[in-house]
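Just so you know, these numbers use all the heavy atoms, side chains as well, and skip hydrogens, waters and symmetry mates.
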Amino acid sequence: MAQDEKKLIIGSRESLLAVRQSELVLGYLRKNFPRMQTKLITMKTTGDKILHKRLDEIGGKGLFVKELDQALREGRTDLSVHSLKDLPAEIPEDLPVIGFSGREDPRDVLVLPEGISDISEMDLSKPIGTSSRRRTLQAQELFPQARFESVRGNVLTRLRKLDEGQYSAIILAAAGLRRLGLENRISRFFSTEEMIPSAGQGILALQGRKGVDYSCLDGFVSARSAIAAAAERGFVGALGGGCTSPISAHAEFDGLSESDNSGASDDSDACCGFGADGDTAGCEADVFSPMTLSGFYYDEETGRNYRKKITVKVSSPEEGRAAGRELAALVLADMKRHR
């Protein structure tokens with residue numbers, strides 16, 4: 001059967017942001033395979049239902065994918081679209097990641113309540129809201145006088161809580177606001193040196209079912225993102241970090257801006273043949289090297305923050321993973337000296 005005569009059902013969380021992200025894939029398929037039958041199914045995940053506790057208190061990011069994984073296994077859907085930063089470290093062998101989108105702006109941002117335009121007007125008698133310990137630990141260095149409290153819910157819910165006066169500001173991902181068309185709410189961008197983003201932030205992960213042909217997405221997936229994902233997740237994995245650990249990593253390629261692109265790749269970035277770990281088959285990416293990889297790690301035992309970076313030449317996800325492990329080894333060596 002020709003690719004454009006197939007049927008493909010995408011599963012997504014029901015939040016507006018998750019739907020917008022899935023629509024990037026749908027838009028690509030409908031443009032390039034107009035005869036393909038495509039459909040979007042949304043569902044509420046366990047992580048979406050429990051909003052009164054931090055993720056690290058209720059089981060981590062895996063709670064955002066459990067129901068989507070089940071739908072894939074049962075054949076009710078053929079593809080899941082995830083924010084890579086929300087994808088657990090362990091990927092089931094029968095549900096491989098088949099590729100990664102181009103990267104949206106990976107930076108974290110500060111958002112002020114409506115009507116307040118200057119950071120100097122922040123009411124620090126109210127907390128800064130963020131559900132991420134990674135963000136809290138790094139933001140404390142930038143706002144030493146502030147206190148921080150958890151804020152859960154989707155982007156629109158968090159903005160509503162902010163505008164209702166519950167917080168002096170909240171910290172969000174630029175990628176989510178941009179994909180929702182809410183760039184006007186951004187009050188301040190944090191550079192990736194000030195606040196190292198979560199591993200995979202700004203990248204979408206496409207997860208499928210083992211044995212299914214997904215070559216229709218060859219033109220959408222990004223070789224550059226595959227390398228960055230492998231490097232960043234390699235750093236986290238080498239430090240034994242589960243998805244609730246205060247660890248972050250970010251890869252940048254020389255000569256490229258903070259943002260790669262928000263959807264399909266251009267010809268120089270496209271690659272096919274992704275395996276379960278995001279490896280690419282026969283994909284040359286020398287044009288993307290060298291890569292600078294930055295990592296942040298918080299040592300629970302000593303209460304000390306560690307920041308390290310390396311610059312290496314990479315041309316494959318496996319080399320990216322090796323760079324992640326190399327950076328993690330530098331952090332571990334530094335930790336050993338301070339314990």
Side-chain angles (χ1 to χ4, degrees), residues 10-32 38 40-45 47-48 61 64-65 68 79-87 97 99-112 114 129-132 135 151-163 170-190 192 195 197-207 217 219-222 224-226 228-229 232 248 250-252 256-266 269:
I10 295 178
S12 168
R13 292 166 62 189
E14 66 178 18
S15 75
L16 180 59
L17 176 57
V19 170
R20 289 282 174 85
Q21 292 176 162
S22 296
E23 286 175 343
L24 291 172
V25 183
L26 279 174
Y28 170 82
L29 291 172
R30 288 169 177 169
K31 177 182 178 181
N32 292 277
T38 57
L40 179 64
I41 293 178
T42 64
M43 58 196 77
K44 187 183 288 289
T45 68
D48 296 314
K61 297 174 184 175
F64 287 123
V65 303
L68 292 170
L79 185 76
S80 295
V81 179
H82 302 286
S83 293
L84 178 57
K85 70 184 182 71
D86 292 334
L87 202 63
V97 173
F100 304 91
S101 74
R103 189 166 219 161
E104 204 9 305
D105 192 324
R107 292 174 292 179
D108 289 304
V109 298
L110 189 75
V111 180
L112 297 176
E114 280 194 312
T130 172
S131 60
S132 163
R135 286 174 176 158
V151 55
R152 290 289 312 282
N154 60 44
V155 171
L156 297 182
T157 297
R158 296 185 194 195
L159 289 173
R160 175 181 56 77
K161 292 178 179 180
L162 171 68
D163 293 336
I170 58 175
I171 301 174
L172 297 171
L177 291 170
R178 286 171 59 93
R179 285 172 176 149
L180 288 170
L182 295 172
E183 299 99 319
N184 62 305
R185 291 304 308 266
I186 297 173
S187 305
R188 182 196 194 282
F189 287 91
F190 298 110
T192 54
M195 189 174 293
S198 178
Q201 189 155 298
I203 297 173
L204 302 180
L206 311 185
Q207 188 174 21
L217 291 165
F220 181 89
V221 297
S222 163
R224 184 186 303 141
S225 290
E232 293 165 15
S248 58
H250 180 62
E252 292 183 353
L256 298 176
S257 63
E258 294 283 4
S259 178
D260 172 343
N261 57 63
S262 58
S265 337
D266 59 28
D269 199 28

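Taking 4.5 Å as the limit, some side-chain heavy atom of Asp105 sits within range of a side-chain heavy atom of Phe189. Under the 4.5 Å side-chain criterion, counting only non-hydrogen atoms from C-beta, Ile41 is not in contact with Ile10. Between Met43 and Ser12, every side-chain heavy-atom pair lies at or beyond the 4.5 Å cut-off. Proximity of Phe100 to Ile203: side-chain heavy atoms (C-beta onward) are separated by under 4.5 Å at one or more points. Side-chain atoms of Leu29 and Leu217, non-hydrogen and from C-beta on, do get closer than 4.5 Å to each other. Within the 4.5 Å cutoff, the side chain of Leu159 has heavy atoms near those of the Leu172 side chain. Side chains of Leu84 and Leu204 form no contact here, defined as non-hydrogen atoms less than 4.5 Å apart. Annotation: side chain of Val65 is not in contact with side chain of Asp86 (no heavy-atom distance under 4.5 Å).
How far CD1 of Ile170 is from CG of Leu110: 9.0 Å, rounded to the nearest 0.5 Å. The OG atom of Ser132 sits 8.0 Å away from atom NZ of Lys85, with the distance rounded to the nearest 0.5 Å. Taken to the nearest 0.5 Å, the CG atom of Leu68 stands 5.5 Å off from the NE2 atom of His82.
Taking the side-chain hydrogen bond (donor to acceptor under 3.5 Å, both in side chains) definition, one finds that Ser83 meets it with Gln21, sequence neighbours left out. Residues meeting the side-chain contact (heavy atoms from CB on, under 4.5 Å) test with Leu16, sequence neighbours left out: Arg20, Leu156, Leu180. Under the side-chain contact (heavy atoms from CB on, under 4.5 Å) criterion, Ala251 pairs with Ala228, Glu232, Met291, Leu293, sequence neighbours left out. Arg188 is linked by a salt bridge (Lys or Arg N to Asp or Glu O under 4.0 Å) to Glu194, counting only residues two or more places apart in sequence or in another chain. Applying the salt bridge (Lys or Arg N to Asp or Glu O under 4.0 Å) rule to Arg160 yields the partners Glu164; only residues at least two apart in sequence or on another chain are considered. Partners of Glu23 under the side-chain hydrogen bond (donor to acceptor under 3.5 Å, both in side chains) rule, at least two apart in sequence or in another chain, do not exist in this structure.
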- Verdict with supporting geometry, Val97 and Leu206, side-chain contact (heavy atoms from CB on, under 4.5 Å): CA-CA 6 Å; Val97 173; Leu206 311 185; 5.8 Å; no
- List the steps, then state whether salt bridge (Lys or Arg N to Asp or Glu O under 4.0 Å) holds for Arg185 with Asp163. CA-CA 11 Å; Arg185 291 304 308 266; Asp163 293 336; 2.9 Å; yes
- Item | Criterion side-chain contact (heavy atoms from CB on, under 4.5 Å) on Leu17 and Asn154, from CA distance to verdict | CA-CA 8 Å; Leu17 176 57; Asn154 60 44; over 6 Å; no
- Passes side-chain contact (heavy atoms from CB on, under 4.5 Å), Arg152 versus Thr157? Steps please. CA-CA 8 Å; Arg152 290 289 312 282; Thr157 297; over 6 Å; no
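Leu162 and Val111 make their closest contact through CD2-O, 3.5 Å (heavy atoms, listed as atom of the first residue, atom of the second, distance). Minimum interatomic distance between Leu87 and Ala205 (heavy atoms only, all atoms of both residues): CD2-CB, 4.0 Å. Nearest heavy-atom pair, Val109 versus Phe190, reported as atom, atom and distance to 0.1 Å: C-CE1, 3.7 Å. Across every non-hydrogen atom of Ser101 and Ser225, the tightest pair is O-OG, 2.6 Å. Closest heavy-atom contact between Pro106 and His250: CG-CE1, 3.4 Å. When all heavy atoms are compared, the tightest approach of Pro197 to Ser248 is O-CB, 3.0 Å.
Thr38 and Arg30 form a side-chain donor-acceptor contact under 3.5 Å, judged by distance and modelled atom types alone.
Across Gln201, Glu252, Arg107, a single residue satisfies side-chain hydrogen bond (donor to acceptor under 3.5 Å, both in side chains) together with Thr192, and that is Glu252.
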